[in-house]
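Numbered from 1 within each chain, the chains take letters A, B, ... in sequence-line order.
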2 protein chains.
Amino acid sequence: MTRATLKDVAAHAGVSHQTVSNVLNGHPSIRPATRERVLSSISALDYHPNQAAKALREARVTTLCFASFGHDPDTLSDPYRNLIQAALTAEANAHGYSLATAFLDHGAASLEDLRQRYLQRVIGGAVIIGTQLRAAQWERITSWGLNVVLLDHLLPAPAHTVSADYRGGMAALVAHHVSRGRRDLALVLPTGDYGSTAMMRRDAFFEAAQACGVRARHVDGDWTYAAGERAVRELHAAGDLPDALLGGNDRMATGALSAAHRLGLSVPGDLAVSGFDDFDFVQYLHPTLTTVRVPHAEMAREAMRHLIALTGGEAPQAPAPYPVSLIVRDSA
Amino acid sequence: MTRATLKDVAAHAGVSHQTVSNVLNGHPSIRPATRERVLSSISALDYHPNQAAKALREARVTTLCFASFGHDPDTLSDPYRNLIQAALTAEANAHGYSLATAFLDHGAASLEDLRQRYLQRVIGGAVIIGTQLRAAQWERITSWGLNVVLLDHLLPAPAHTVSADYRGGMAALVAHHVSRGRRDLALVLPTGDYGSTAMMRRDAFFEAAQACGVRARHVDGDWTYAAGERAVRELHAAGDLPDALLGGNDRMATGALSAAHRLGLSVPGDLAVSGFDDFDFVQYLHPTLTTVRVPHAEMAREAMRHLIALTGGEAPQAPAPYPVSLIVRDSA
DNA sequence: ATGAAAGCGCTAACAT
DNA sequence: ATGTTAGCGCTTTCAT
């Protein structure tokens, strides 16, 4: 079945193809009668504009990209990604853009792939989840000229970033643990590259703990369930278990809970455990998880709006960090 | 910065633009010397073909679509979606296609959106997760002429489906529960529409239970954590708790575990709990979850290969159901 | 083995 | 208010 083109509609309505185009693009100075005739021809022929032709002629790209890290199933299946993807897709579609996906890693090939898609006009911009992005990679990407908005990353302008008030969230969390009598806090987070919010949260953690006069330590962990479990097991094996373990995300907190169960530790009796994100499933853990809620979906929508503005040549204002909130449940 | 076109490369190499095109598309009858010259011009000018122009001229679409259900965070954040999306993306990119995403629901708008994208030549085909697809929706989609491959759905040809051996998996699972002394099994699954694998698994469940001579019942649940929790709570409230609860997926099993904890039931002592999927996080539940592993990623790759073949005008053979395997852990 | 001409479906610029 | 001409960047067809 060969689909109708502008010309077919024009012939059917007895006007020039340009008039049809004008009607479609809402141009002024079209006689109502003509407009009516064109519109009825359009629906009679079930005409739909060819986006490829439009894109070529207008020299603009109608696909944007969502890039995130993770090849292993554990990282891939982080609910975080899904929520963000859904929000980005909805926002992009609402503005007439399609959203493609890219999965990055720390090798050269995945970045090269993204660059190819940019140079071939397949994608016009990208929202990148920054949590695992390394400084060198960021520099490469910016050197291409691709419009990029970073989620969960904090870099000075001219970078475009959307982030949450992790500093405030961490301060509230530490205060909560201390108010419950905890005096020896361990935070599991990746070491973090320049601009990473992990770095910022770690700093906020130490500041807050120091202000409260309690012991604070940092344990390295790469966001996975396994990392949370390992952290607790190693601290326990070293005979230096803290009285509160702060997971840098809900997955690591889940792993920590699991390790506590296996070691026969009671939570929160022997060890308080908290997370960061507030994903759905943490209400179904045992015990239910105390965590910091981060408005990932709203942040993603803002990032997409920002990207679309950039793509349209605007210079949108940097959004303020999004407020987070402490959700107290049973684990801490 | 304006990017190089075929003409620019041609001028730089001192040949016609057509010759450059021939070199790029690996046409025969190009003198090695010419070819060399063209290639060096290409890299000198950092030329990259414009996909929009190519797509227009070749009248083909280079973007495929991944469509799945779910607007609520619980469904959205099912790890299932992520694993499948990553596999589909990798396979699509490997074949030179981009992958867009669509989120469907049971309203008319989301399907209309998909249809628009098809008619506007934005997407050339789709892989759809069938678990929540209704018969009426499926009929609408097929009426368009869009190439579609269904994941986790079972419809007779000419539908294209990729599925797993759920029947065999269910039989093995029931046999396992019975071998551990269970005599009263409850399965939580949606009621399921025509072609849904939920329907097939439910049938297999009753057949297997009957063959073993044990009691079997079906409880309605919509794949969410909340549904699993509700199932256990309601059975318990009714004073007719089974001795094994089979979650139709890992999320519902997780919810069931949570309910058991809150009701003070020991697992697997008072109640055995099993899942279906084998996602990463079920190893971190307490107790660890006995489940049936489904090779979602491999199935997704096969679905994408199938779709790409369809898009290329081939008539690929229907793949056999993928084998599943019982993973015994602590919960059953 | 290479070049010239035509046109995919659309919009921008100009003419009427 | 509408029609005509030109061309986005590429590939297909046909000449040379």
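- Atoms CD (Q51(A)) and C1' (dT11(C)) sit 13 Å apart, rounded to a whole Å.
- The closest donor-acceptor contact from the side chain of R37(A) to the backbone of A13(A) lies under 3.5 Å.
- A cation-pi arrangement is absent between R301(A) and Y322(A), since the terminal nitrogen or guanidinium carbon is not both under 6.0 Å from the aromatic centre and inside a 45° cone about the axis.
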Validation: residues 123-136 of chain B side-chain donor-acceptor distances under 3.5 Å, sequence neighbours left out:
| residue | atom | partner | partner atom | Å |
| --- | --- | --- | --- | --- |
| R134(B) | NH2 | H106(B) | ND1 | 3.3 |

Footprint string (nucleotides 10-16 of chain D, 5' to 3'): B base within contact, S backbone only, - free, heavy atoms under 4.0 Å:
BBBB---
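- Taking the ring centre of Y97(A) as origin, the terminal cationic atom of R117(B) falls outside the region bounded by 6.0 Å and 45° from the ring axis.
- Here salt bridge (charged side-chain N to carboxylate O under 4.0 Å, His left out) pairs that include residues 75-94 of chain B, with residues two or more places apart or in two chains, are D78(B)-R251(B), E91(B)-R305(B).
- In this view, S196(A) satisfies the side-chain hydrogen bond (donor to acceptor under 3.5 Å, both in side chains) rule with no residue, not counting sequence neighbours.
- Following rounding to the nearest Å, R31(A) (CZ) and dG3(D) (C1') show an atom-to-atom distance of 13 Å.
- Sorted by first then second residue, the salt bridge (charged side-chain N to carboxylate O under 4.0 Å, His left out) pairs that include residues 23-33 of chain A, not counting sequence neighbours, number zero.
- Residues satisfying the side-chain hydrogen bond (donor to acceptor under 3.5 Å, both in side chains) criterion with T161(B), sequence neighbours excluded, are absent altogether.
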Mind listing the N/O atom pairs, protein and nucleotides 14-16 of chain C, below 3.5 Å?
none

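- Residues in residues 51-64 of chain B take part in these side-chain hydrogen bond (donor to acceptor under 3.5 Å, both in side chains) pairs, two or more places apart or across chains: Q120(A)-Q51(B), E58(B)-R60(B).
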Evaluation steps, side-chain contact (heavy atoms from CB on, under 4.5 Å), between C65(B) and T101(B)
CA-CA 5 Å; C65(B) 187; T101(B) 315; 5.9 Å; no
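- A heavy atom lying under 4.0 Å from DNA chain D marks none of the residues of residues 35-45 of chain B.
- Counting non-hydrogen atoms under 4.0 angstrom, I30(B) reaches the backbone sugars and phosphates but no base.
- One side chain, D152(B) or Y80(B), offers a donor N or O that lies under 3.5 Å from an acceptor on the other.
- The side-chain hydrogen bond (donor to acceptor under 3.5 Å, both in side chains) test applied to S110(A) returns D105(A), not counting sequence neighbours.
- The bend of the helix from dA1(C)-dT16(D) to dT16(C)-dA1(D), defined by the angle between the axes of its first five and last five pairs, stands at 40° to the nearest 10°.
- The stretch residues 306-319 of chain A participates, sequence neighbours left out, in these side-chain hydrogen bond (donor to acceptor under 3.5 Å, both in side chains) pairs: H160(A)-H306(A).
- Taking 4.0 angstrom as the limit, T34(A) places a side-chain polar atom (N or O) nearer than this to OP1 or OP2 of dT2(D).
- Contact check, T19(A) against dA1(D): no side-chain N or O comes under 4.0 Å of OP1 or OP2.
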